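Only a predicted model underlies this, so the values are computations on that prediction, with no experimental measurement involved.
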Amino acid sequence: MRFLLIVHGETRADLRRSVFEQAAREAGELVGGELLAHQQLTVTVPDRAGPEDIDAYYVIDVESPARAVELARLLPDACLEGRYVEIRAIMRPAGEL
């Protein structure tokens, strides 16, 4: 199953996510991910005020939702005040998980 881990919170390039990245990469579960530019550079279409603070995202391919939660807990964002990690299942083209 593929999941999108959405890291919520103001941009923080200083956070080290190497424990998560190493664990997911070594298990062959990390598909990809990136840090995002500061929210001030965000453009919404149509134009709307107040986009959400999203700092980074990762795509993982794991055996179960429980494993997705386990990996998300390795991100420092999961235990810092004002930050959280949203775990969203990625649907396949036929609407399957």
Side-chain angles (χ1 to χ4, degrees):
M1 301 178 72
R2 283 191 174 200
F3 290 89
L4 178 63
L5 304 182
I6 305 166
V7 179
H8 290 267
E10 188 175 322
T11 302
R12 296 254 324 250
D14 64 315
L15 291 179
R16 300 292 171 236
R17 299 178 175 109
S18 55
V19 172
F20 160 80
E21 290 175 359
Q22 182 177 355
R25 189 174 290 114
E26 286 178 358
E29 298 168 322
L30 182 62
V31 176
E34 298 289 337
L35 296 177
L36 300 176
H38 194 276
Q39 177 184 336
Q40 291 175 330
L41 301 174
T42 300
V43 176
T44 57
V45 178
D47 186 24
R48 294 182 187 214
E52 263 187 80
D53 284 337
I54 298 176
D55 189 16
Y57 73 92
Y58 293 95
V59 177
I60 56 173
D61 192 353
V62 295
E63 290 294 320
S64 68
R67 177 62 177 160
V69 171
E70 183 181 330
L71 285 174
R73 289 185 193 279
L74 294 177
L75 289 163
D77 312 85
C79 59
L80 290 174
E81 182 70 32
R83 303 182 71 78
Y84 64 97
V85 180
E86 179 181 352
I87 303 167
R88 299 277 302 265
I90 297 175
M91 303 290 284
R92 301 210 186 276
E96 304 164 355
L97 291 177

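Contacts of Glu10 classified as salt bridge (charged side-chain N to carboxylate O under 4.0 Å, His left out), with partners at least two apart in sequence or in another chain: none. With sequence neighbours left out, Ala78 forms a side-chain contact (heavy atoms from CB on, under 4.5 Å) with Val85. Evaluation of the ring pair (Phe, Tyr, Trp, His ring centres under 6.0 Å) rule for Phe3 yields no partner, not counting sequence neighbours. For Glu63, there are no side chain to side chain donor-acceptor pair (under 3.5 Å) partners two or more places apart in sequence or in a different chain. In terms of the side chain to side chain donor-acceptor pair (under 3.5 Å) criterion, residue partners of Arg12 (sequence neighbours excluded) are, by chain and number, Asp14. For Glu86, the salt bridge (charged side-chain N to carboxylate O under 4.0 Å, His left out) partners two or more places apart in sequence, or in a different chain, are Arg88. Under the side-chain contact (heavy atoms from CB on, under 4.5 Å) criterion, Val19 pairs with Leu74, sequence neighbours left out.
Under the ring pair (Phe, Tyr, Trp, His ring centres under 6.0 Å) criterion, the residue pairs touching residues 4-34 are His8-Tyr84, Phe20-Tyr58, with sequence neighbours excluded. Among pairs with a residue in residues 65-76, those fulfilling salt bridge (Lys or Arg N to Asp or Glu O under 4.0 Å) read Glu29-Arg67, Arg67-Glu70, at least two apart in sequence or across chains. Within the structure, salt bridge (Lys or Arg N to Asp or Glu O under 4.0 Å) pairs that include any residue of residues 15-25 comprise Arg17-Asp55, Arg17-Asp77 (at least two apart or interchain).
Here the closest heavy-atom approach between residue Leu71 and residue Ala23 is recorded as CD2-CB, 4.4 Å. Taking each heavy atom of Ile87 and Ala72 in turn, the nearest pair found is CD1-CB, 3.7 Å.
Considering CG of Leu36 and CD1 of Ile6, their distance stands at 10.0 Å, rounded to 0.5 Å.
When hydrophobic side chains of Ile, Leu, Val, Met, Phe, Trp and Tyr are connected at separations under 4.5 Å, Leu15 ends up clustered with Leu80.
Cluster membership for Leu35 and Leu75, using ILVMFWY side-chain heavy atoms within less than 4.5 angstrom, is not shared.
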